[in-house]
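So the structure is just underneath, and the comments pick up after that.
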Amino acid sequence: MRVISCLFSLWISIVFICTPVEGVKSYLFKTCEQSGFCSRNRHLAGEIAKAGGEYQPRYSVNIESILAHDNGTVSGLIEKSLNDGSVVGLPFTISVLEDSNLRLTIDEARRLVGGLGVSNGKLKTRRYNEAADWALQDGKPRIAEKGAVEVKTSSDSLQLKYGEYETSVQYYPFKVAVKYKGETQLILNHDNLLNIEHFRTKEEQTAEDSIHVSPEESTFDSFQDSFKDSKKDKLPFGPESVSVDVSFVGYDHVYGIPEHADSLELKDTVGAEPYRLYNVDIFEYEINSRLPMYGAIPFMFGVKPGFASGVFWMNSADTYVDIERVKHGESTLTTEKRTTSHWMSESGVLDVVFFVKESPQELSTSYGSLTGFVQLPNLFSLGYHQCRWNYNDESDVLQVHNNMDKYGIPYDTIWLDIEYTEEKKYFTWKKELFPDPDRMLSVLDETGRYMVVIIDPHLKVNYEVSDYVVKHSLGVRDSDCKKTYHGHCWPGESVWIDTLDPEASQYWSELYVNGSRLMGNSQNLHIWNDMNEPSVFNGPETSAPKDLVHFQNWEHRSVHNLYGMTFHEATYDALKTRFYNQRPFILTRSFFSGSQRTAAMWTGDNMAKWEYLRGSIPMVLTLNVVGMPFAGADVGGFFGDPSKELLVRWYQTGIWYPFFRAHAHIDSRRREPWIAGEPYTSIMRDAVRLRYALLPVFYTAFQESHTVGTPVMRPVFYETPNNVASYGIEDEFFVGNSGLLVKPVVDEGATSVDVYLPDDELYYDFQTFIALHGQGFHTVEAPLEKIPVFIKGGHVVAMKQRYRRSSKLMKYDPYTLVIALSSKGSASGKLYIDDGETFDNELGDFVNVAFTFDGRKLSSSVTGGLDQPFVQSLARVTVERIIFIGDLKPSKEIKVSQGGEQWVAQYESSEGAITIKNPQVKINSDWTVSV
Ligand SMILES: *[C@@H]1O[C@H](CO)[C@@H](O)[C@H](O)[C@H]1NC(C)=O
Ligand SMILES: *[C@@H]1O[C@H](CO)[C@@H](O)[C@H](O)[C@H]1NC(C)=O
């Protein structure tokens with residue numbers, strides 16, 4: 001153990017201190033070819049393709065087994081035929097869920113009964129089937145209403161009809177096709193790649209004339225792992241992968257399955273590496289790569305005019321996905337062009353949900369209804385986060401804090417990385433450096449600021465927290481199911497808390513109670529969960545060995561991709577227990593479907609290079625379209641030292657990330673915004689101030705995401721789903737539904753950008769109000785101080801333009817409304833307001849304000865908890881300015897009306913805009929302004 005830790009620190013000193021020149025250590029990670037189950041499944045796919053029409057598929061539905069239940073669920077048995085004609089029984093269910101989504105599960109009968117004689121008799125023998133319980137909002141999905149599904153069986157297939165949907169299940173070869181509005185959208189097992197590697201012992205498999213291996217199969221690494229540091233993997237169940245292909249019929253634009261440092265649109269993987277979903281601590285990752293990263297969301301969807309279809313693969317094991325566009329089909333099922341996806345997971349049941357909708361927005365809403373929408377963030381967490389590894393001590397923290405005010409840069413949160421602890425023992429503070437955390441936190445609190453400190457799942461051995469975990473067996477265990485696993489991470493030898501175990505989560509909550517050693521009594525302290533893939537420095541692929549064991553004796557292999565989520569959920573519960581009426585803020589590095597309910601994420605350890613700035617946009621967009629909108633990349637780049645220009649451009653981009661944090665590696669030079677000097681400091685300050693001015697827009701976008709799943713950073717094609725030319729745009733985006741369109745400058749030395757307008761509406765420069773018009777590309781000037789931002793005609797946005805030191809201090813500031821006239825002269829928009837920090841919104845203490853302008857009259861209509869305390873306190877909040885952009889000729893008198901009273905307001909005209917000064921309307925009740 002010592003040796004490893006010395007080696008590691010040597011490695012740190014070489015790689016960290018020198019400017020990083022080398023990229024990711026890709027040799028640390030398995031390629032598909034080096035991974036037993038991926039290699040075997042790709043081999044099978046190749047053999048089946050080679051055989052073409054000659055191939056005899058092995059999976060069929062046993063007709064006698066089919067049971068149609070009155071809740072619309074159909075169950076039965078799929079049979080896999082082996083070489084001698086004997087069959088393996090695979091129980092399946094098909095159910096129509098609420099919102100017309102379809103769920104298919106396939107399990108394995110032999111694994112359900114136990115007594116398999118595997119090397120470790122204590123392990124749970126069945127295939128892991130709880131990924132959905134963790135991923136889905138309420139654990140179990142709601143099924144369609146009684147009577148909504150009509151089931152018909154015939155001699156070769158069964159049909160489920162529900163609304164305008166029709167799903168047919170073909171018995172032989174087994175296939176499932178989903179039709180919507182008469183068009184086939186998705187076909188499961190179109191290419192016969194279904195492969196449930198059934199249970200067999202090594203003896204059974206290796207016997208001469210084994211019936212368990214068919215000619216098209218490979219046996220590569222089925223009972224051993226020959227990859228470097230994975231060799232110790234005991235693979236107690238042998239080969240047990242699940243895999244199938246799903247065709248997106250008529251689609252050639254597909255998205256999703258983060259996390260990868262790659263384009264927004266998914267690429268074909270023919271002849272290349274598949275996309276891999278396996279949560280790992282990927283050191284110095286490369287851009288344009290399908291290597292696995294820190295998190296996994298196994299949701300992929302296709303878009304075509306009039307339709308959007310998704311596949312949600314509810315499996316938390318190591319997973320690879322191959323993608324191929326097929327120009328035209330020759331099959332009996334479809335002759336249309338299609339995109340195939342080949343899903344391969346190392347273990348678990350097959351559990352998949354199909355979504356077919358009419359637009360990507362509908363798909364986002366449906367996926368979110370199933371897995372939960374993003375939390376409504378504590379408002380401070382939408383402000384600017386200042387982070388660095390490390391702010392050294394209390395005086396360093398307070399100096400940075402004071403400089404922010406000195407330079408007029410608003411910020412809400414300062415962060416501490418691992419060095420604040422005593423020997424990296426979480427829940428301790430290093431006394432010499434932080435003698436009185438509550439005192440420091442109360443200084444931050446004076447100006448409404450917060451602190452976030454890091455707490456990771458690895459716990460240094462031999463102190464009270466890890467001792468408790470070991471003693472009560474609350475840690476991740478060795479493959480013997482007994483001993484607590486020991487590995488290496490930042491503190492050296494460590495154990496890992498097993499937050500799949502409710503008792504471990506309970507203990508985790510106790511560590512955070514008000515008055516505890518770490519947390520003290522401060523209410524402005526929140527948490528960063530890092531390294532929760534989990535990162536294990538001496539583990540295979542820098543993570544936990546797959547044959548470790550979790551709560552209820554499930555293998556780590558099967559829960560790997562959701563472990564990180566269970567950890568940040570435990571932290572969320574702990575903070576909520578600590579102060580029940582305060583919205584917790586948690587940043588996580590590792591995530592899974594469902595993480596959006598309790599945490600924000602960031603894209604990990606990027607580099608201070610232009611390609612990482614550029615690459616951050618499609619990465620964050622991808623997270624936004626798979627229900628994880630609270631996402632951002634480290635502004636400035638984690639490793640290395642950005643040039644002043646790069647840093648400025650990164651701030652100008654970073655203010656649009658839903659999660660906006662600057663962060664830097666311990667060996668990089670200090671780069672807080674005042675270090676660069678003028679004109680850079682002022683430009684960065686102005687960018688941050690723009691973010692703060694737009695906080696009402698971001699908060700409203702989050703509230704929409706929280707209720708209907710709208711991406712906060714929204715790809716252009718969500719706006720124009722029928723414009724195929726917009727499908728590939730990945731370097732510009734909208735902010736929620738606000739109509740703000742942003743095209744950040746991400747190229748060194750660039751002084752202009754080509755912005756793409758996806759339709760023929762007017763787009764006004766948000767600064768000069770000059771209008772662009774006409775679908776297609778437009779070149780606009782973008783000198784260093786300029787952020788290309790446009791507001792689409794027809795939208796109203798609410799801003800707060802007064803500089804304050806933090807978002808909390810803006811709470812009762814007046815609003816500025818910007819009305820961007822459409823080509824028809826009208827506009828509308830929304831504003832959501834609540835106290836931004838408690839759960840009182842869930843009791844009704846919030847308002848939605850709807851603005852509409854019909855060409856002459858601007859109306860504000862307020863709905864929500866009008867009699868609630870916070871909403872009532874908004875009576876002192878007014879609109880201080882209304883700016884109309886576009887072609888408007890106001891009458892001489894601007895008439896304002898609110899609460900039965902009328903008065904007249906003044907206005908002034910300038911180039912392209914009319915500004916009504918101080919109309920004196922209160923934000924929390926209805927009013928009109930007639931121009
Ligand atoms: C539908 O009914 C069957 C038979 O009662 C039951 O086994 C199954 O769990 C039900 N399905 C769902 C999703 O509720
Ligand atoms: C936290 O504990 C302190 C000290 O006991 C107490 O004064 C404070 O009210 C507690 N805060 C909350 C929100 O319970």
Side-chain angles (χ1 to χ4, degrees), residues 64-78 89-107 109 112 126-127 129-151 153 158 160 162 165 167 169 176 312 314 349-355 366 369-371 378 380 427 429 436-442 444-446 448 450-451 453 509-527 572-585 808 835-840:
E64 261 109 68
S65 73
I66 297 170
L67 278 176
H69 307 286
D70 65 358
N71 55 15
T73 298
V74 177
S75 61
L77 200 66
I78 293 171
L90 306 167
F92 77 94
T93 67
I94 287 188
S95 38
V96 178
L97 308 180
E98 206 176 67
D99 207 19
S100 301
N101 301 321
L102 188 85
R103 183 183 191 186
L104 168 70
T105 67
I106 305 180
D107 207 333
L112 293 170
R126 60 162 308 155
R127 285 174 172 269
N129 65 341
E130 294 180 1
D133 299 355
W134 288 101
L136 303 186
Q137 165 92 314
D138 308 311
K140 302 277 177 255
R142 285 181 292 273
I143 57 172
E145 271 174 45
K146 231 181 179 144
V149 187
E150 188 191 327
V151 182
T153 53
L158 74 89
L160 293 93
Y162 42 107
Y165 294 81
T167 290
V169 180
V176 180
F312 180 30
M314 296 193 283
V349 296
L350 186 153
D351 193 351
V352 63
V353 177
F354 293 138
F355 303 77
S366 200
S369 309
L370 194 65
T371 59
N378 200 317
F380 86 84
F427 305 98
W429 291 79
D436 189 349
D438 272 334
R439 174 181 68 197
M440 173 177 66
L441 282 151
S442 71
L444 300 181
D445 190 47
E446 285 164 16
Y450 291 75
M451 174 169 269
V453 296
S509 284
E510 287 165 23
L511 291 167
Y512 289 83
V513 293
N514 188 20
S516 75
R517 193 158 140 200
L518 167 80
M519 303 293 289
N521 298 311
S522 303
Q523 264 192 279
N524 55 339
L525 183 57
H526 292 257
I527 299 294
Y572 181 90
D573 291 344
L575 289 190
K576 213 169 156 182
T577 306
R578 174 179 168 80
F579 297 125
Y580 76 97
N581 199 21
Q582 174 175 271
R583 294 179 214 165
F585 170 77
K808 207 170 215 170
D835 67 23
E837 53 185 326
T838 71
F839 289 100
D840 291 351

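Along the sequence shown, residues are numbered consecutively beginning with 1. Atoms within a ligand are numbered from 1 in the order they appear, just like the ligands themselves.
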Min N/O separation Gln523 to ligand 2 under 3.5 Å: no
Parallel, tilted or perpendicular, as decided by the 30° and 60° cut-offs, for the rings of Tyr450 and Phe380: parallel
One line per pair, note the atom names and distance for all nitrogen or oxygen contacts under 3.5 Å between ligand 1 and the protein.
| from | atom 1 | to | atom 2 | distance (Å) |
| --- | --- | --- | --- | --- |
| ligand 1 | 2 (O) | Asn71 | OD1 | 3.3 |
| ligand 1 | 2 (O) | Asn71 | ND2 | 2.3 |
| ligand 1 | 11 (N) | Asn71 | ND2 | 3.1 |

Salt bridge present between Lys140 and Asp133 (N-O < 4.0 angstrom): yes
Contact summary for Gly72 and Leu160, nearest pair of heavy atoms: O-CD2, 4.0 Å
Exercise: identify the closest heavy-atom pair between Ser100 and Tyr165: CB-CE1, 3.4 Å
Side-chain heavy-atom pair Met314, Glu130 within 4.5 angstrom cut-off: no
Parallel, tilted or perpendicular: ring planes of Phe427 versus Tyr512, cut at 30 and 60 degrees: perpendicular
Glu145, CD atom: more than 12 neighbouring heavy atoms under 6.0 Å: no
Atoms in ligand 2 flagged as close to Asn514, the criterion being non-hydrogen separation under 4.0 Å: 1 (C), 2 (O), 3 (C), 8 (C), 10 (C), 11 (N), 12 (C), 14 (O)
